[in-house]
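Reading through the structure tokens given below for one structure.
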There are 2 protein chains.
Amino acid sequence: MALRHAVLAALLDEELSGYQLTKAFDMGVANFWHALPQQLYAELAKLEQDGLIAGREVVQEARPNKRLFQVTAAGLAELERFAATATKPSFIRDDLLVKVQSADHVDTGALIAQLTERAAFAEAKIGLFDELLRKMRGDRSEQEYLRHGERIGPYLTCLRGLAFEQGNRDWCERAVTVLRERRSGSRPAVRTTVATQQPDGPE
Amino acid sequence: MALRHAVLAALLDEELSGYQLTKAFDMGVANFWHALPQQLYAELAKLEQDGLIAGREVVQEARPNKRLFQVTAAGLAELERFAATATKPSFIRDDLLVKVQSADHVDTGALIAQLTERAAFAEAKIGLFDELLRKMRGDRSEQEYLRHGERIGPYLTCLRGLAFEQGNRDWCERAVTVLRERRSGSRPAVRTTVATQQPDGPE
DNA sequence: CAGGAATAGTCATATCCATGAGTATCTAGG
DNA sequence: CCTAGATACTCATGGATATGACTATTCCTG
């Protein structure tokens with residue numbers, strides 16, 4: 001029941017259509033959650049059934065009609081309840097880290113390529129976040145906005161997203177440097193592994 | 001097929017039992033992945049069936065017998081193949097961020113409590129990671145280890161985990177400061193929401 | 001005027017992941 | 001002696017997530 005609340009939180013600041021939501025939850029600005037269109041449409045349907053959001057049809061001539069969704073009082077209460085429950089710690093879960101973990105046993109050339117790609121991706125998101133933050137601040141300073149700006153929630157999550165991607169970029173660049181240095185220097189140590197069970201005494 | 005490779009990567013450096021794996025993959029040192037015992041035992045069984053790991057029974061007298069698993073040549077080849085495939089970008093997915101996103105509309109007292117708790121948790125993991133890195137380095141300097149140390153993979157993922165938790169801690173502390181300042185200062189702006197559908201003209 | 005991107009949304013399926021409970025043995029503490 | 005905790009592992013179930021394919025209309029470009 002996590003996507004549920006992410007959708008509610010996303011609809012707090014503005015009325016959105018399912019399609020607009022999918023844009024917000026995909027690579028674009030998923031600063032606090034990520035989901036695919038199918039999940040979002042399904043979740044919107046459930047949320048509406050449960051009365052936590054209210055949809056209204058908007059007839060359009062230039063393009064297909066759409067339904068805009070707004071959080072109801074019940075939805076806000078549900079979010080309030082959710083915000084008060086204990087939060088489980090969150091963990092990194094990233095294929096790239098799995099690959100780097102095995103750096104001593106696999107080809108580092110491929111790793112370097114992917115770390116470079118990831119660094120570029122992070123850089124792009126950093127740009128997006130920077131721009132987003134500037135837009136929210138307007139002409140105010142960051143300190144000023146943090147104290148008195150409206151919509152502090154989105155601003156804070158955006159700051160986290162920014163820091164996360166900066167961490168990503170810095171780490172990727174460092175890892176690339178390290179792996180390159182090692183390639184040019186000493187040969188990587190490869191441990192051999194067995195192919196079949198070999199019964200053995202206790203350790 | 002992600003846990004699969006995470007398990008393989010974890011078994012590269014040392015032969016482990018299922019139980020030891022669960023310890024490594026739970027809060028302790030899940031620097032690159034996280035999983036529950038049930039998933040791990042199931043995955044180990046599948047990996048063994050597929051010949052990617054080999055288990056050997058270790059008879060113990062003081063405690064229940066166990067099975068230690070080792071990566072086979074086929075397993076290493078599978079990891080190699082995996083490491084060469086393109087990596088999807090990874091996204092933050094964190095309940096706490098969802099809650100902070102709705103900070104303008106819910107009680108900030110509860111949020112502050114949870115941010116504080118998360119900061120403490122992050123601090124604890126930072127301590128763990130620091131210790132782990134020191135252990136891996138031994139008496140060498142970090143630069144020295146990065147250049148010539150064995151097991152650079154685990155060291156690099158540990159560095160990422162450390163940076164991630166530092167980012168977590170810093171952000172949580174900052175968010176707490178901001179939310180506290182705002183509480184003592186101005187009253188939070190609460191937007192009202194509707195409870196029923198209200199058909200309306202197009203935007 | 002043909003083709004592709006963008007808008008707007010849906011269906012089906014398979015795998016992943018989390019939750020909760022349960023088994024059995026041994027050790028250490030009160 | 002009794003209980004809690006560590007070791008070592010298993011089963012069942014349901015909800016969350018990812019993948020791939022599909023419908024339909026309109027706008028823009030070549």
Side-chain angles (χ1 to χ4, degrees), chain A residues 1-7 15-28 30 33-50 53 55-69 82 85-95 98 202-203, chain B residues 1-7 15-28 30 33-50 55-69 85-95 98 202-203:
Chain A
M1 304 270 179
L3 175 59
R4 194 173 188 71
H5 300 102
V7 170
E15 222 180 5
L16 293 173
S17 70
Y19 190 74
Q20 288 173 297
L21 258 190
T22 67
K23 293 301 157 194
F25 273 75
D26 116 315
M27 190 207 94
W33 203 266
H34 172 254
L36 300 165
Q38 301 88 328
Q39 293 172 255
L40 290 169
Y41 283 111
E43 200 59 50
L44 283 172
K46 266 189 274 175
L47 280 166
E48 195 179 16
Q49 267 195 341
D50 297 348
I53 61 174
R56 64 186 179 88
E57 185 89 19
V58 171
V59 180
Q60 298 182 121
E61 276 151 34
R63 49 201 69 240
N65 294 348
K66 61 180 173 181
R67 303 195 66 215
L68 293 183
F69 295 95
F82 172 67
T85 61
T87 313
K88 290 164 299 190
S90 83
F91 301 96
I92 287 189
R93 186 170 275 179
D94 185 346
D95 282 2
V98 174
E203 56 195 341
Chain B
M1 304 271 180
L3 174 59
R4 194 173 189 71
H5 301 102
V7 170
E15 221 181 4
L16 293 173
S17 71
Y19 190 73
Q20 289 173 297
L21 257 190
T22 67
K23 294 302 159 191
F25 273 76
D26 119 311
M27 190 207 97
W33 203 264
H34 173 254
L36 299 165
Q38 300 88 327
Q39 294 172 253
L40 291 169
Y41 283 112
E43 200 60 50
L44 283 172
K46 264 188 276 174
L47 281 166
E48 196 180 15
Q49 269 195 341
D50 297 350
R56 63 185 179 89
E57 185 88 18
V58 171
V59 180
Q60 298 182 123
E61 276 151 36
R63 50 200 70 242
N65 295 346
K66 62 180 175 183
R67 304 195 67 216
L68 293 183
F69 295 94
T85 61
T87 313
K88 290 164 298 192
S90 84
F91 300 97
I92 286 188
R93 184 171 280 178
D94 185 345
D95 282 2
V98 174
E203 53 196 340

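This structure is a prediction, so every number in the text was calculated from the model and none was measured. Each chain gets a letter, A, B and so on, in the order the sequences are listed, and its residues count up from 1. All heavy atoms count here, side chains included; hydrogens, waters and symmetry mates do not.
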Discussion item. Return the CD1 to CZ distance between B:I92 and A:R93, rounded to the nearest 0.5 Å.
Written reply: 14.5 Å

Response to the item:
When rounded to the nearest 0.5 Å, the distance separating CG of B:L16 from NZ of B:K23 is 13.0 Å

Discussion item. Using five pairs at each end of the helix from C:dC1-D:dG30 to C:dG30-D:dC1 to define an axis, what is the angle between those two axes, to 10°?
Written reply: 30°

Practice prompt. Could you please spell out the steps behind the side chain to side chain contact (heavy atoms under 4.5 Å, CB included) verdict for A:L40 and A:Y19?
Written response: CA-CA 9 Å; A:L40 290 169; A:Y19 190 74; over 6 Å; no

Response to the item:
In terms of heavy-atom contacts, A:S90 and B:D94 come closest through OG-OD2, 3.3 Å

Worksheet entry | Length of the line joining A:D94:CG and C:dC16:P, which is rounded to integer Å | 17 Å

Fill in: Set of residues satisfying side-chain hydrogen bond (donor to acceptor under 3.5 Å, both in side chains) with respect to B:E43, sequence neighbours excluded
B:R4

Worksheet entry | Partner of A:F69 under side-chain contact (heavy atoms from CB on, under 4.5 Å), chosen from A:E48, A:Q20, A:E15 | A:E48

Extract from the structure each pairing of a protein N or O with an N or O of nucleotides 11-13 of chain C at less than 3.5 Å, listing the distance.
none

Practice prompt. May I ask you to evaluate whether A:R93 reaches the phosphate of C:dA18, defined as a side-chain N or O under 4.0 Å from OP1 or OP2?
Written response: yes

Worksheet item: Roughly, in whole Å, what's the span from CG in A:L36 to C1' in D:dG20?
Response: 11 Å

Worksheet entry | A:Y41 and A:T22, any side-chain heavy atoms less than 4.5 Å apart | yes

Response to the item:
Testing D:dA8, D:dA16, C:dT19 for proximity to the side chain of B:Y41, the answer is D:dA8

Item to complete: Only counting residues at least two apart or in another chain, list the ones meeting side-chain hydrogen bond (donor to acceptor under 3.5 Å, both in side chains) with A:T87.
Response: B:K99, B:Q114

Item to complete: For B:E43 and for A:K88, locate the closest nucleotide of DNA chain C by heavy-atom distance; then report the residue assigned to the nucleotide nearer the 5' terminus.
Response: B:E43

Worksheet item: Hey, is the side chain of A:Q39 poking within less than 4.0 Å of OP1 or OP2 on D:dA16, counting only N and O atoms?
Response: no

Which protein N or O atoms sit under 3.5 Å from an N or O of nucleotides 5-7 of chain D?
from	atom 1	to	atom 2	distance (Å)
D:dT7	OP2	B:Y19	OH	3.1

Response to the item:
Judged by nearest nucleotide, the residue sitting upstream toward the 5' end of DNA chain D, A:K46 or B:G18, is B:G18

